[in-house]
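Below: one structure, written as structure tokens.
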Amino acid sequence: MVELLYQNYEFLFQKELLEEIKQVGVYKKIQANSTIIDVDSYITSMPLVLNGAIKILREDNDGDELVLYYLEVGDTCAMTLSCCMGQVKSQIRAVAETDVELLMIPKKKMTEWLSKYLSWQEFVLQSYHSRMEEFIKAVDSIAFLKMDERLYKYLQNKVLVNHSEVIQVTHQQIANDLHTSRVVISRLLKGLEKESKIELHRSHITVLNI
DNA sequence: ACATTAAGTGATT
DNA sequence: AATCACTTAATGT
């Protein structure tokens with residue numbers, strides 16, 4: 001655990017800060033596909049990703065979902081930051097995309113560090129900025145791209161996040177993530193397969209020529 | 001062998 | 001792009 005922290009964050013944070021993180025951070029290991037943060041829950045600590053990837057989704061009252069972005073090693077969640085500041089309920093759902101190792105930093109420490117450590121402040125701001133950029137990309141893609149382009153981007157993204165060309169999902173799951181129907185996904189995937197961009201199998205997809 | 005779940009497809013809106 | 005209705009294929013028990 002400590003090795004992972006140093007491996008991923010030692011160039012980002014000053015020594016004293018790393019020491020404090022070690023003391024105060026709560027280590028958690030989470031299995032793929034389990035929910036980390038649910039809608040309407042209050043957030044009391046913020047996650048530092050040590051290993052693996054987390055999928056951040058918007059979910060409406062009917063349980064309809066839409067993937068916003070992924071968190072990877074060295075990331076933290078922008079929504080958590082803003083939720084931590086105010087006493088606001090979570091507007092999003094966080095699901096482990098792969099097996100994930102986390103350090104949970106208590107809200108109190110995380111605000112304290114903002115004034116205490118410049119490197120922490122920079123990290124938080126930088127991270128907020130890059131989440132925002134990804135968020136805007138997601139909006140663009142919904143507003144301006146057709147479904148087939150969105151799907152292809154989704155697949156490429158999955159490959160990056162999972163570090164594998166083989167994606168373990170069903171058409172139905174993709175449909176949920178992109179907020180469309182399974183039939184549509186099946187058809188578009190068939191199209192991509194005809195263009196030799198992917199290979200289809202039951203319950204998994206191989207992305208070619210990355 | 002049978003039930004269940006995943007995927008493919010034509011037709012319609 | 002969504003929905004319906006139906007088929008086919010893969011997998012679990």
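Residue numbers start from 1 in every chain, and the chains themselves are labelled A, B, ... in the order their sequence lines are given, proteins ahead of strands. These numbers come from the heavy atoms of this one structure, side chains and all, not from hydrogens, waters or symmetry mates.
- Looking only at distances, a side-chain donor or acceptor of Gln173(A) sits under 3.5 Å from a matching main-chain atom of Thr170(A).
- Atoms CZ (Arg182(A)) and P (dG8(B)) sit 8 Å apart, rounded to a whole Å.
- The side chain of Thr180(A) contributes an N or O atom lying less than 4.0 Å from OP1 or OP2 of dA2(C).
- Rounding to whole angstrom units, CD of residue Glu149(A) and C1' of dA1(C) are separated by 14 Å.
- When the nucleotides dG8(B), dA1(C), dA6(B) are ranked by their closest atom to the side chain of Lys190(A), dG8(B) comes out on top.
- Regarding Asn176(A), its CG atom lies at a distance of 12 Å from the P atom of dA7(B), rounded to whole Å.
- Lys194(A) places its NZ atom 16 Å from the P atom of dA7(B), with the value rounded to the nearest Å.
- Residues Val169(A) and Arg187(A) each lie close to DNA chain B; by heavy-atom proximity, the contact nearer the 5' end of the strand is made by Val169(A).
- In this structure, Phe123(A) has its ring center closer than 6.0 angstrom to the ring center of Phe13(A).
- The backbone N or O of Ile37(A) sits nowhere less than 3.5 Å from a side-chain atom of Ser41(A) that would complete a donor-acceptor pair.
- Per the geometry, NE2 belonging to His179(A) stands 14 Å off P belonging to dA1(C), to the nearest Å.
- With dG8(B), dT11(C), dA1(C) as the candidates, the nucleotide lying closest to the side chain of Arg202(A) is dT11(C).
- Taking atom NE2 of residue His201(A) and atom C1' of nucleotide dG8(B), one finds them 16 Å apart after rounding to whole Å.
- Between the CG atom of Leu200(A) and the P atom of dT9(B) there is a distance of 10 Å, given to the nearest Å.
- When distances run from any side-chain atom of Met147(A) to the nucleotides dA1(C), dA2(C), dA7(B), the shortest one goes to dA1(C).
- When every heavy atom of Ile36(A) is checked against every heavy atom of Leu102(A), the shortest pair comes out as CG2-CD1, 4.3 Å.
- Remark: His171(A) is in phosphate contact with dG8(B), judged by side-chain N or O atoms under 4.0 Å from OP1 or OP2.
- The nearest whole Å value for the distance from the CG atom in Leu151(A) to the C1' atom in dA1(C) is 13 Å.
- Of the candidates dA1(C), dA6(B), dG8(B), dA1(C) carries the atom nearest the Val184(A) side chain, counting heavy atoms from C-beta on.
- Using a 4.0 Å heavy-atom criterion, one finds that Ser203(A) contacts the sugar-phosphate atoms exclusively.
- A donor-acceptor pair under 3.5 Å is absent between the side-chain atoms of Gln14(A) and the main chain of Tyr117(A), judged by distance alone.
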